[in-house]
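Before any comments, here is the structure.
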Amino acid sequence: MSLATLQIWSFPVESLSEESVGLAATIRRLFEFGRERGAPTSLTEAESASWCQVLASRFYSLAKTWQEETRYVSSVHDMVLHPAYQQIIGMGREALPFLFRELKRQPDHWFWALHAITGEDPVPSEDKGNLEKMTRRWLRWAAANGWIANGQ
Amino acid sequence: MGSELERAFPRLAQEGYEITSPRDHSYNCIAWAAGDTTRWWWPTDQSYWPPGLASRETVEAFVELFRGMGYERCDDTSLEAGWEKIAIYAREGNRPTHAARQLPDGTWTSKLGRDVDITHGSLEALHSGVYGDPVVIMRRRRGSAIPSPQGRPS
């Protein structure tokens, strides 16, 4: 791992530009790709924690923007095409823990993003539109697939 | 709350409005117009849309939705004794964005996205970049059944 990579991960979150966060995400995905295939790694726990902070900061900043700027919107299409929502989808599977945490806090229209990222849709047609039931279905799916602890 | 609303809908303050519910993520304006406070109605596969109706985000598809509840198109937004009216808003000509329902006193009630319900004195009060303008008015006899068994009666 290069010094440049480690420097990106050790920057305070607030000092990271959008471009840096995007670059860090790309590096992180490449790193994960290598690790899954047995490549050696020098990533420390501290660096991992720093990385989680970057992801969390990025996710919650985007989620706040999306919630504020679409609060009066009824069109699901307009909601999910909002740039902040699209950027959350662009975070890929790294966004899933935050999406499930948000769903637990407050049912909201995260289903499109979850479907786009996972390729799954655990909600039967009779529950579509009922945010409470859709949320329960997705949280059950998340527990069954190891994204959250059972019973959470 | 009021100032945020008035920033989004600049004509609200001068036309007059009242907030009539807390924020609620459970239902949207289409559900509210249809008398359902349990579901989010929109023609997508992640929302409720009545089976058998075209799942298209067009004004025509929304007209068909309300026609299925007994409404017919009309041209007059004024209060008519014995009639209940709804208005469909759209942007860019044919992209539906919102629906409002007329109350017995002639004012209108709207659910604003994931936010609050309000009553507003005129349809023009919600003219905005968010909703555009009302493009279709429909009416039905008051007391007609609403096919939304889980919703509050309108």
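Everything numeric in this text was worked out from a predicted model, so none of it was measured. Each chain gets a letter, A, B and so on, in the order its sequence line appears, and its residues count up from 1.
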* Residues of residues 102-113 of chain B within contact distance of chain A, non-hydrogen under 4.5 Å -> B/Leu112, B/Gly113

Which atoms of [X] come close to chain B, meaning under 4.5 Å heavy atom to heavy atom: side chain ones, backbone ones, both, or neither?
{"X": "A/Asp127", "value": "neither"}
{"X": "A/Glu132", "value": "neither"}
{"X": "A/Val123", "value": "neither"}
{"X": "A/Thr70", "value": "both"}

* To do: Could you point out which residue of B/Tyr89, B/Phe9, B/Tyr131 forms a ring pair (Phe, Tyr, Trp, His ring centres under 6.0 Å) with A/Tyr72?
  => B/Phe9

* Structure fact -> Among A/Gln67, A/His109, A/Glu126, the residue with the most heavy-atom pairs under 4.5 Å to chain B is A/His109

If hydrophobic clusters are built by linking Ile, Leu, Val, Met, Phe, Trp and Tyr wherever their side-chain heavy atoms come under 4.5 Å apart, do [X] and [Y] end up in the same one?
{"X": "B/Ile137", "Y": "B/Leu79", "result": "no"}
{"X": "A/Val73", "Y": "A/Ile89", "result": "yes"}
{"X": "A/Tyr60", "Y": "A/Phe100", "result": "yes"}
{"X": "B/Trp83", "Y": "B/Met69", "result": "no"}

What's the spacing between [X] [atom1] and [Y] [atom2] if we round to 0.5 Å?
{"X": "A/His77", "Y": "B/Ser47", "atom1": "NE2", "atom2": "OG", "value": "8.0 Å"}
{"X": "B/Asn28", "Y": "A/Ser75", "atom1": "CG", "atom2": "OG", "value": "9.5 Å"}
{"X": "A/Leu131", "Y": "B/Trp40", "atom1": "CG", "atom2": "CH2", "value": "7.5 Å"}

* What part of B/His98 is in contact with chain A, defined as an atom under 4.5 angstrom from a non-hydrogen atom: side chain, backbone, both or neither? -> neither

* Relative to chain A, which segment of B/Pro51 carries a heavy atom at a distance below 4.5 Å: side chain, backbone, both, or neither? -> neither

* To do: Mind listing the closest non-hydrogen atom pair of A/Met134 and B/Gln46 along with its distance?
  => CE-O, 3.4 Å

* Asked: So which heavy atom on A/Ser74 is nearest to which on B/Thr97, and how close?
  -> CB-O, 3.7 Å

* **Side-chain ion pair, A/Lys128 and B/Asp45, N-O less than 4.0 Å** => no

* Step-by-step side-chain contact (heavy atoms from CB on, under 4.5 Å) determination, A/Asp78 to B/Arg95 -> CA-CA 10 Å; A/Asp78 285 350; B/Arg95 290 213 321 115; 3.0 Å; yes

